[in-house]
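Have a look at the structure below before the remarks.
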Amino acid sequence: MKRKLGIQQKIQIYILSSVALIFIISLGYTGWQSKEKMLSVSRDLADTYAREYANRASDELNYYADAALFLQSVFEGYTFLPHNRRREILSNYLKTTLRDNPKFLSVWSILEPDALDTLKQQYKNKVGSTILGNFRYVYYRQDDEIVLSRYVEQDPEAVLSGNVYSLVKQRMQITVVDPYYYSYSGNKSDEILETNIVSPVIENDNFLGVVGIDVPLITISEQINQYQPIEGSFAFLLSHHGQIVSFPEENAIGKNLNDIGFISNDSLDLNALINSGETYSYYTNYDNQKYYITAAPVKITGTSTSWYVNMALPESHITENALSTIYNALLVALAGLIFLAIIITMLARKITRPIKKLTHVMDKISQGDVSTKQKLNISTGDEINDMAIALNKYIDGYTQKTHFASRIGDGELDEKLDLLSDEDKLGKSLMQMRDNLKKARQEEEKRKEEDKKHRWTNEGIAKFADILRQNNDNIKKLSFELMRNLINYLEVNQGALFVIEEEEKTTYYEAKSTIAFNRRQFNKTRFKIGEDIIGRCAHEGKTIYLKEVPEDFIKITSGMGEARPNTLLIVPAVLNDKVYAIMELASFRQLEAFEIEFVEKIGESVASTIANVKVSERTQELLKESQHQQEELGSQEEEMRQNLEELQTTQEEASRREFELRNLIEALSVANYMVEYDMHGIITEVNERFATLVGLAKEQIIGMNHRDGLKMSGLNKQNYSQFWEDLRHGHTRTEETRIEYNERELYLYETYTPVLDKDDIPYKVVKIAVDITELKNAQAKIEKQKAALSAKDEKIETLELQKNTIEKQLEEERKNSQRLAEELKHTPQRNVKAGDPEAKLDQDAPQVVLPPAGEPLIAFVPEMENAIGELNDQHHRIVELINEVYIGLRTDKPKKEIKETLKMLVDFTAWHFSNEERYFEEYKFENTESHKASHKAFIDHIDGFRKKYQAGRIKFYDDVMRFLKAWIENHFATEDQEYVELFKSKGL
């Protein structure tokens, strides 16, 4: 029977019988199992969709969680920030994070008290300080603007929903808040569904506070509502407490599944399933249908809790699809069997015919008879066709390899061979043989070329060493010979040598030799370091090789015209990290690497030779200068002798004037009462006559204040402050004063004279006083007698004469005192050093009137307001600190407090100026340099004052206060207004 059945009959019998049997078994099995299988497949599909949608939701929420974790890391690194700028930098980072992430609704932070620093008292109500934490910012969007919300002091649990603040503090990990509706504008109509992702800020296991991001849920909710992969199915999202985040019925959002009657199984513990964090499923009856529910967790980075995406699949729809599928399968199976019988019969015939042809050709190949004549022409389009094509390819490949081997044998190593496939081992072996032969030939050629280059380089180095040795006594000759031979040896078109020249503080490179050179018509032969490409090479000390030369940079000229070179080589001649010369070469051809390396090698010898020539030339110059100086020395000796004689005369005159001054002061001290005060009214010196007058020892008087013992009469309390202001301005004052010392009441006629230093700045006050107690008592007695004897004319006339005599004596005493004071005022004082910083803090300070003690120095008037909110707040802070310093000095606050305020003023002002100057550079402010110079002058002024005050060397401070007041009022109201429009146009 086997011999009688051909391939065609076997195919028909075996295939048809097998297919029929399979159809019968499959349809029977399908009839019984189709329904359960459809349900199982649908459930598996629902599980897959639930996991896929959970992953999408996880990606969306992790975008916010990652941002919260990054904010956490930024806040935990606060110790690397400047102490006085932590609040501002972290606040700006919150604001920048919200601005750079349009998806975020709000970015905020709440920190424990004193979490970042202890400056909450100075910054309270300015940067978000509260009793809960000395740093709280909440930034949110309002009308496309980023707004900073300022919270009223309250408990953290009232700021965040529920007990989240305490929960995060307890867990010490990122937490996702249950969804809720919230309106940033306060309007009910603007409420949106959102959640908070809150991350703890931890330092060394210590809880510092939290940072958070408000996350909109409308996008996630809308996406999940659109998920309907199977007809009749729907998806919804639950939070980790079982709260509905998205649902087809909008009124269910925010409620629990049990509250809307979704779960029909009373024994189902939904909370336990959610807390497990694993995938779960269950059946429920909802809306008169049985649903299969599958839930997949939404994993959120950094937290152990999960939200869940749920897929609801209706079973009735799946059952109907299963029955319909079975009926359709029966009809298709019957039609398929009939069609298959016809196809099998036709296919069997087509297969057997070409197989006979293949068998014949393969028999020939097995005997070694391979030629293109044996190629088959079969186009059945099936595996037999593929077999014929493969056989034809083998025949072609065999023929090509035969030809390839013959060509390689003839020495044609560039012959190519197309491999039949990656598995063509014979073809690969033939190609490897060809490549090995070719590699051996190339290595031989390369070795010969390298030998040629080494020989050329060594000969060149020897040649140029000889040129440098023969011309080491003249820079010009050396330069010419070097470049002439270098151009010829390299076979380039032109070149130039620039040699270092140093004049005083300027270093430049000058062209000493130019061969066939026309560099921009050669209108510049000197280049400073960093100027043009020559200066750049000198600055970097590295070779520059340009393969694209600018059109107008350099040209090569000949009798036939001129053209731009293709390459430009610039090599520095360096010795001990110093560039002594620059070699510039231009050529039409590309220079080889070994040629560039050759020029760099001879550059070392060039630098050494030029350095030696420079030293030699400098030695000659020094010899000439030494001879010239010897000639000048003789004439200078005569001038010095004359100067010494004039100096001796000047010293004798100074000694005489000092003697006269000392006698004058001693005379004044003997004849009058003298007291010296510093510019704050503290007694620094008295003479014995005044100590005897008041009945106290000098040691007891020194250190007392001018006000001590003073009875306000002519010098009343209202004009006492003006009295000292006049003295500080250098004005002499005279007063009749009633004082009380040691239970003695005295009347003095006093002349107060400010003593000036060489710069006409008062540094102390000298009082010359005349005792008029007896005259005042006599005058009072006469007035009393005059009143008692007013009826007696003759006695009145006598008393009037006595009164006039006393008044004349008083006037005479006044004139003498004023004359002595003027003499003292205009007499040079030897105990003040010229340029003493205590005598004068700022000789250019504007003479403005200072406010009384207790009042601020500067009022922030509307003209000083800046339209740039950020900078305007900083201006206010600077004015506040200056006023604190002024009030502290005028009201004698503790020095420690004043020192701290001064340091804060210097640091904050320096930071503000750097912030302002950063904007100048970024926005190309045209007056940047003048503005920066003004800033530096101001900082130097106040920092110098601070250092002197800390050292205890400041007794006179009014002038520096006048400077601060005038500078701030002018700078804020005038100079800073110049950049406002520019900054606003840039979006600041």
Mutual orientation of the aromatic rings belonging to Phe920 and His931 [parallel < 30°, tilted 30-60°, perpendicular > 60°]: perpendicular

Ring center gap for Tyr78 and Tyr93 short of 6.0 angstrom: no

Short side-chain donor-acceptor distance under 3.5 Å, Glu112 and Asn206: no

Check: Tyr49 and Val309 side chains under 4.5 Å, non-hydrogen atoms: no

Ring centers of His912, His935 separated by less than 6.0 Å: no

Heavy-atom pair with the smallest gap, counting every atom of Glu191 and Ser183: CG-CB, 3.7 Å

Backbone N/O of Ile868 and side chain of Asn872: donor-acceptor pair under 3.5 Å: no

Sub-6.0 Å ring centroid separation between Phe104 and Tyr63: yes

Exam field: side chain Ser246 to backbone Leu237, donor-acceptor pair closer than 3.5 Å: yes

Stepwise side chain to side chain contact (heavy atoms under 4.5 Å, CB included) check, Leu61 with Val176: CA-CA 10 Å; Leu61 290 175; Val176 183; 5.9 Å; no

4.5 Å side-chain heavy-atom contact, Val147 and Tyr184: no

Nearest heavy-atom neighbours spanning Thr279 and Ala296: OG1-CA, 4.2 Å

Passing option when Asp214 is tested against Tyr140, Tyr64, Trp108 for side chain to side chain donor-acceptor pair (under 3.5 Å): Trp108

Donor-acceptor side-chain pairing of Tyr139 and Ser91 below 3.5 angstrom: yes

Between CG on residue Asn258 and CG on residue Leu268, distance to nearest 0.5 Å: 8.0 Å

Side chain Asn265, main chain Ser267, donor-acceptor under 3.5 Å: yes

Sole residue of His241, Lys299, Arg171, Gln173 in side chain to side chain contact (heavy atoms under 4.5 Å, CB included) with Thr305: Arg171

Pair Asp943 + Arg946: basic N to acidic O under 4.0 Å: yes

Shortest non-hydrogen contact between Asp178 and Ser239, atoms and distance: OD1-OG, 3.2 Å

For Lys932, the option from Glu916, Glu975, Glu921 that meets salt bridge (charged side-chain N to carboxylate O under 4.0 Å, His left out): Glu921

Test log, rule side chain to side chain contact (heavy atoms under 4.5 Å, CB included), inputs Phe70 and Asp66: CA-CA 6 Å; Phe70 189 75; Asp66 292 342; over 6 Å; no

Any donor-acceptor pair under 3.5 Å from Gln977 side chain to Ala867 backbone: no

Min side-chain heavy-atom separation Tyr165-Ile110 under 4.5 Å: yes

Shortest non-hydrogen separation from Thr284 to Ser264 and the atoms involved: OG1-N, 3.0 Å

Electrostatic pair Arg56:Glu60 at N-O distance under 4.0 angstrom: no

Parallel, tilted or perpendicular: ring planes of Phe860 versus Phe972, cut at 30 and 60 degrees: tilted

Under 3.5 Å donor-acceptor, Ser221 side chain and Leu217 backbone: no

Whether Tyr182 and Tyr180 hold their rings parallel, tilted or perpendicular, with breakpoints at 30° and 60°: perpendicular

Main-chain N/O of Gly277 paired to Tyr308 side chain as donor or acceptor, under 3.5 Å: yes

Main-chain N/O of Leu98 paired to Arg141 side chain as donor or acceptor, under 3.5 Å: yes

Side-chain heavy-atom pair Lys95, Val107 within 4.5 angstrom cut-off: no

Residues, nucleotides or ligands: over 12 heavy atoms within 6.0 Å of Lys899 NZ: yes

Side-chain donor-acceptor pair present, Asn310, Tyr282, cut-off under 3.5 Å: no

Inter-residue atom distance Ile878.CD1 - Ile858.CD1, 0.5 Å rounding: 10.0 Å

Where Ile274 and Ser306 come nearest, the two heavy atoms and their spacing: CG2-O, 4.2 Å

Shortest non-hydrogen contact from Ala68 toward Ser199: O-CB, 3.9 Å

Candidate pair Ile253 and Glu250, rule side chain to side chain contact (heavy atoms under 4.5 Å, CB included), full reasoning: CA-CA 6 Å; Ile253 295 176; Glu250 188 174 351; 4.3 Å; yes

Side-chain ion pair, Glu880 and Arg877, N-O less than 4.0 Å: yes

Any donor-acceptor pair under 3.5 Å from Asn196 side chain to Val198 backbone: no

Gln243 side chain vs Pro179 backbone, donor-acceptor pair below 3.5 Å: yes

Heavy-atom side-chain proximity of Glu203 to Thr79 below 4.5 angstrom: yes

is_close_aromatic(Tyr919, Phe925), centroid dist under 6.0 Å: no

Test item: Asn915 and Glu870 side chains (from C-beta on) under 4.5 Å apart, heavy atoms: yes

More than 12 heavy atoms from other groups under 6.0 Å of CD on Glu231: no

His875 and Asp976, any side-chain heavy atoms less than 4.5 Å apart: yes

Verdict with reasoning, Ile220 to Val245, per side chain to side chain contact (heavy atoms under 4.5 Å, CB included): CA-CA 9 Å; Ile220 301 175; Val245 181; 6.0 Å; no

Test ring pair (Phe, Tyr, Trp, His ring centres under 6.0 Å) applied to Tyr291 and Phe234, Phe236, Tyr283, Phe262, the passing residue: Phe234

Distance-only donor-acceptor check, side chains Ser58 and Asn62, under 3.5 Å: yes

Interatomic spacing from CD1 in Ile882 to CD1 in Ile887 - rounded to 0.5 Å: 12.0 Å

Reported CD1-to-CG distance for the pair Ile293 and Leu270, which is rounded to 0.5 angstrom: 11.0 Å

Donor on one side chain, acceptor on other, Asn866 and Tyr979, under 3.5 Å: yes

Side-chain heavy-atom pair Leu94, Ser109 within 4.5 angstrom cut-off: yes

